[in-house]
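Just so we're clear, the structure is a prediction, and the values are computed from it rather than from any experiment.
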Amino acid sequence: MNQGMASLARSPSAMSITRIPQGHSKSIQLLKASKVPYVLPFHRIHIRRSPVCCTKFPQWEPSPVTYALTEKAGDKFLDKSSELFETLRSESSDSRDEASITKAEDRTDTTNQPVAQLQFLKWPLWLLGPSVLLGTGMVPTLWLPISTIFIGPNVVSLLSLIGLDCIFNLGCTLFLLMADYCAKSKNLGQASKSKPPVSYQFWNLVATLTGLAIPLMMLFGSQKGYLQPQLPFIPYAVLLGPYILLLLVQMLTEMLTWHWESPIWLVTPVVYEAYRVLQLMRGLKLGVELSAPAWMMHTIRGLVCWWVLILGVQLMRVAWFAGFTARAQRQLSSASASADA
């Protein structure tokens, strides 16, 4: 026994220690320099490993997970702890990405559903809008007898004609609103504004002011006696009063479409000018009923020719705008293709 204690008191270089198993070492073998083993017996030590429970678990785990240590896994417990948390972190990020993608898809579906419904509602407007314009403008002018409107050169006839033009103006306003709604983009979040060129605005103002100045000059010449025979104011108002009033309404409507940058700025003058031709043709019939002087009849015929010319120019502008839009789309597509390349 004394020899064994002496061997333990020697320096570490003079002995070698065998590997002690974790938790249940039975003996320690000591080797002297003479290679004579001395074994000291130890009692068996039992270590009870208590389980480790996680009560606060993350959101992606549905229930608490219990981690219990075993004798075989004693050396390997939490060897890859960093990789474990990295895996959990990657799984959580993947779940968040999937959740965001799902929310984006749901949002896209919810936004596409009302857009599809609005597109479905646009289909009847393509027939309803022209029908309203036809019923309020063409039908009363073409099929309503003159005798029901014109009683004589008086204020009642003037008001009847103005009321007939107000019915057309109401139908024209509804038609323009439907046309503006149909002209909007399929994607409601995308802007659908269209600003007319300055040259177009200038030309429209010149044409409208010219059509307004001619009858006013005729009225001034008749009142001053420059034009003979002289025409009283009430017959003149019956012939050209509704024409002047509707021309002012057209100017106001065009300015509003320019200010709002509505895409119907190209359609507005065409609608009004087409009706104006019928309005002036009705004025020729009323001139015969009133026995209007020759200079007045020639003025009305000149106005008809003027507005037919302006209407032709407007239709040419529609064709030009269609070609301009096609060229702009082609340039945009080529630019996007070159940018992708």
Side-chain angles (χ1 to χ4, degrees), residues 129-176 207-254 268-311:
S131 299
V132 170
L133 190 62
L134 178 64
T136 57
M138 302 298 107
V139 173
T141 304
L142 295 177
W143 277 277
L144 195 62
I146 295 295
S147 59
T148 59
I149 304 172
F150 178 73
I151 302 174
N154 50 33
V155 180
V156 176
S157 299
L158 177 61
L159 294 178
S160 299
L161 295 172
I162 292 176
L164 193 64
D165 292 340
C166 288
I167 294 174
F168 163 76
N169 189 35
L170 179 61
C172 181
T173 303
L174 293 176
F175 170 77
L176 293 177
T208 305
L209 291 178
T210 302
L212 182 63
I214 292 176
L216 292 179
M217 290 174 61
M218 295 296 106
L219 176 63
F220 179 78
S222 175
Q223 296 296 323
K224 293 297 182 179
Y226 299 127
L227 297 174
Q228 296 295 332
Q230 189 176 2
L231 184 66
F233 178 76
I234 294 297
Y236 175 87
V238 170
L239 293 176
L240 293 179
Y243 162 83
I244 295 175
L245 182 61
L246 192 62
L247 189 60
L248 295 176
V249 172
Q250 177 188 347
M251 291 179 62
L252 178 61
T253 306
E254 289 186 357
T268 303
V270 175
V271 176
Y272 278 100
E273 289 164 5
Y275 179 78
R276 185 166 295 115
V277 173
L278 295 178
Q279 190 181 35
L280 291 173
M281 296 299 293
R282 183 184 65 193
L284 288 175
K285 294 180 182 180
L286 294 177
V288 174
E289 296 290 337
L290 291 174
S291 300
W295 62 266
M296 188 65 183
M297 300 299 290
H298 290 308
T299 300
I300 297 176
R301 293 188 183 100
L303 288 175
V304 171
C305 296
W306 171 254
W307 286 113
V308 169
L309 176 64
I310 298 301
L311 181 59

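Looking only at side-chain heavy atoms (C-beta outward), Gln250 and Val271 stay at 4.5 Å or farther from each other. Side-chain contact between Leu286 and Ile149 is absent, with no heavy-atom pair separated by less than 4.5 Å. At a threshold of 4.5 Å between non-hydrogen side-chain atoms, the residues Val308 and Val277 count as touching.
Ring orientation note: the planes of Tyr243 and Trp307 are nearly perpendicular, at an angle over 60° on the 30°/60° scale.
Listed by first and then second residue, the salt bridge (charged side-chain N to carboxylate O under 4.0 Å, His left out) pairs that reach into residues 138-167 are Asp165-Arg282, sequence neighbours excluded.
Taking CG of Leu212 as the reference point, atom CE of Met217 lies at 11.5 Å (rounded to 0.5 Å). Within the model, atoms CG of Leu280 and CG of Leu240 stand 7.5 Å from one another, a figure rounded to the nearest 0.5 Å. How far CD1 of Ile151 is from CD of Glu289: 13.0 Å, rounded to the nearest 0.5 Å. In this structure, the separation between CD on Gln230 and NZ on Lys224 is 11.0 Å, given to the nearest 0.5 Å.
Residues Leu164 and Pro140 approach most closely at CD1-CB, 3.4 Å, considering heavy atoms.
Panel note: side chain Glu254, backbone Thr268; no donor-acceptor pair is recorded below 3.5 Å. Without hydrogens or angle criteria, Ser222 side chain to Met218 main chain gives no donor-acceptor distance under 3.5 Å.
By the side-chain contact (heavy atoms from CB on, under 4.5 Å) test, Pro153 is found to be paired with Phe150, Pro235, Leu290, residues two or more places apart in sequence or in another chain being considered.
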